[in-house]
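To start, the structure under review is shown below, and the notes come after it.
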Amino acid sequence: MTNNLITVFTITYNCEQYVDRCYKSILNQTYQNWIWLIIDDGSNDSTEIFINKLNDTRIHYHKIEFNVGRGKARNYGLSKVQSDWLAILDMDDLMLSTRLEKFNYVINSGSKGLISSTLLVDKKLEIKGIRRGIYNSYFNLFTHATLCINTSILKSIGYSESRYAEDQRVIVLAPLYCKLENCEEPFYIYQEDASINIQGAYLSNLHAFFNLKSIQAFSKFSTFKISRIVYLYRFGIRAIFLFLLTKVPYGDIVYDLLIQKRTKDSYEDAAIRKELNLYE
């Protein structure tokens, strides 16, 4: 079996408090032929100091002078990837220890990409549930953060150059470029409450609507036009609803309650619980 070099691809902005934890998640991988490529999107905290303290030559750190938004930062980062394979990892999230090993196995099996279920945790790393890798079986859509893929394919697709929902382009188009192996086992750990923000949710849905509409990504699907329209315009409807919530008293509380009720399956695993204890 070939030990392929894998780039762990991280975009970060003002996440100094997560640097050590994220690094430990990579160090704990059972597969060690990796590079950690960090694109700092103009952070004004101490992210750079924390990264320099790690003193690891496998870390390739690039800082953009001014904050340009995730879309432009991701595309800039893709230009810096030198390996044939990459795995997405956001700075405030974690990987289970066998994720890169599983990806290398998938590569050697002839596949071009891997996605997986996502383990949802709170800020105390208590397990809140699991979200399956494919969240829309009709369009075969997946959770972007779980993506491990051939670099040239992701470069061919590229990200929408917006501050929000830049990943919708990849989510929609990646399954058309290659077959993604879908693993029901969770390899990615998402700290859900670190990203809960009603204003951010509003902007993400708004930008998702315009990003998908402008690139006309769904024109490549051999599905009924009405189905594509429904998927697209539900982002617009959500954006309107969330905008209204930002304007009413206690709208943020209502939003938090809706997030807590969002569809997810219960999940518990003693081995995973033990691994999470390493980061507490």
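Phe187 and Ile171 sit in two unconnected hydrophobic clusters of ILVMFWY residues. Membership requires side-chain heavy atoms under 4.5 Å apart, directly or through other members. Hydrophobic clustering places Val106 together with Val8 (ILVMFWY residues linked when any side-chain heavy atoms are closer than 4.5 Å, directly or through intermediates). Following chains of ILVMFWY side-chain contacts shorter than 4.5 Å, one cannot reach Val68 starting from Tyr13, and the two form parts of different hydrophobic clusters. Hydrophobic clustering of Ile, Leu, Val, Met, Phe, Trp and Tyr side chains at less than 4.5 Å, counting indirect connections, keeps Trp85 apart from Leu5. By the criterion of side-chain heavy atoms lying less than 4.5 angstrom apart, applied directly or through intervening Ile, Leu, Val, Met, Phe, Trp or Tyr residues, Phe235 is grouped together with Leu173 in one hydrophobic cluster.
Contact of the Tyr177 side chain with the Ile157 side chain is registered, since non-hydrogen atoms from C-beta on lie closer than 4.5 Å. In this structure, the side chains of Thr47 and Ile38 stay at 4.5 Å or more apart for every pair of heavy atoms. Using a 4.5 Å cut-off on side-chain heavy atoms (C-beta onward), Thr12 and Ile39 make no contact. Counting heavy atoms from C-beta on, the side chains of Cys183 and Lys102 come closer than 4.5 Å. Within the 4.5 Å cutoff, no side-chain heavy atoms of Glu166 are placed close to those of Glu161. Between Ile59 and Ile51, the closest side-chain pair of non-hydrogen atoms falls below 4.5 Å. Looking at Ser79 and Val81, their side chains never come closer than 4.5 Å, going by heavy atoms from C-beta outward.
In this structure, Ile153 and Lys112 approach most closely via the heavy-atom pair CD1-CB, 3.8 Å. Across all non-hydrogen atoms, the minimal contact from Phe103 to Ile149 is CZ-N, 3.4 Å. In terms of heavy-atom proximity, Tyr61 sits nearest to Lys63 at OH-CD, 3.6 Å. Heavy atoms only, all atoms of each residue included: Leu119 and Ile272 are closest at CD2-CG2, 3.5 Å. Between Leu89 and Met95, the shortest heavy-atom contact is CD1-CG, 3.7 Å. Closest approach of Asp90 to Tyr188, counting heavy atoms only: N-OH, 3.0 Å.
Side-chain polar atoms of Asn150 and Asp84 form no donor-acceptor pair below 3.5 angstrom. Using modelled atom types, one finds a donor on one side chain and an acceptor on the other under 3.5 Å when comparing Asn67 with Arg163. Between the side chains of Thr7 and Ser83, at least one donor N or O lies within less than 3.5 Å of an accepting N or O. Neither side chain, Asp93 nor Tyr18, offers a donor N or O lying under 3.5 Å from an acceptor on the other.
A donor-acceptor pair under 3.5 Å is absent between the side-chain atoms of Asp41 and the main chain of Ala73, judged by distance alone. Judged by distance alone, with hydrogens and angles left aside, the side-chain atoms of Ser117 form no donor-acceptor pair with the main-chain N or O of Pro186 at under 3.5 Å. For Ser111 (side chain) and Ile107 (main-chain N/O), no donor-acceptor pair under 3.5 Å exists by modelled atom type.
Cluster note: Ile237 groups with no other residue, as no ILVMFWY side-chain heavy atom lies under 4.5 Å from it.
Around atom CG of Asn55, no more than 12 heavy atoms belonging to other residues, nucleotides or ligands sit under 6.0 Å away. Heavy-atom neighbours of Glu126 CD from other residues, nucleotides or ligands within 6.0 Å: above the threshold of 12. Around atom OH of Tyr279, more than 12 heavy atoms belonging to other residues, nucleotides or ligands sit under 6.0 Å away.
Here Leu94 contributes atom CG and Asp92 contributes atom CG; the two are 9.0 Å apart, rounded to the nearest 0.5 Å. For the atom pair CG of Leu78 and OG of Ser152, the computed distance is 11.0 Å after rounding to the nearest 0.5 Å. Annotation: the span from Asn28 atom CG to Glu275 atom CD amounts to 7.0 Å, rounded to 0.5 Å. Ile127 contributes atom CD1, which lies 7.0 Å from atom CG of Asp269 (distance to the nearest 0.5 angstrom). Annotation: the span from Leu54 atom CG to Ile26 atom CD1 amounts to 9.5 Å, rounded to 0.5 Å. Summarising the geometry, atom CD1 belonging to Ile11 is positioned 10.5 Å from atom NE2 belonging to His62; distances are rounded to the nearest 0.5 Å.
In this structure, Tyr159 has its ring center closer than 6.0 angstrom to the ring center of His144.
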Without placing hydrogens or testing angles, list every side-chain donor-acceptor pair under 3.5 Å for residues 29-36, not counting sequence neighbours.
residue	atom	partner	partner atom	Å
Gln29	OE1	Arg99	N	3.4
Gln29	OE1	Leu100	N	3.0
Gln29	NE2	Ser25	O	3.2
Gln29	NE2	Leu96	O	2.9
Thr30	OG1	Ser97	O	3.4
Thr30	OG1	Glu101	OE1	2.5
Tyr31	OH	Asn4	N	2.7
Tyr31	OH	Asn4	O	2.5
Tyr31	OH	Asn104	OD1	3.3
Gln32	OE1	Trp34	NE1	3.2
Gln32	OE1	Arg58	NH1	3.3
Gln32	NE2	Leu27	O	3.1
Gln32	NE2	Gln29	O	2.7
Asn33	ND2	Asn3	O	2.9
Trp36	NE1	Thr10	OG1	2.8

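For the pair Lys80 and Asp40, the salt-bridge criterion is not met [side-chain N within less than 4.0 Å of a carboxylate O]. Between Glu280 and Arg273 there is a salt bridge, since a side-chain N of the basic residue sits under 4.0 Å from a carboxylate O of the acidic one.
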* **salt bridge (charged side-chain N to carboxylate O under 4.0 Å, His left out) between Lys24 and Asp56, worked out** => CA-CA 12 Å; Lys24 189 174 182 180; Asp56 190 328; over 6 Å; no

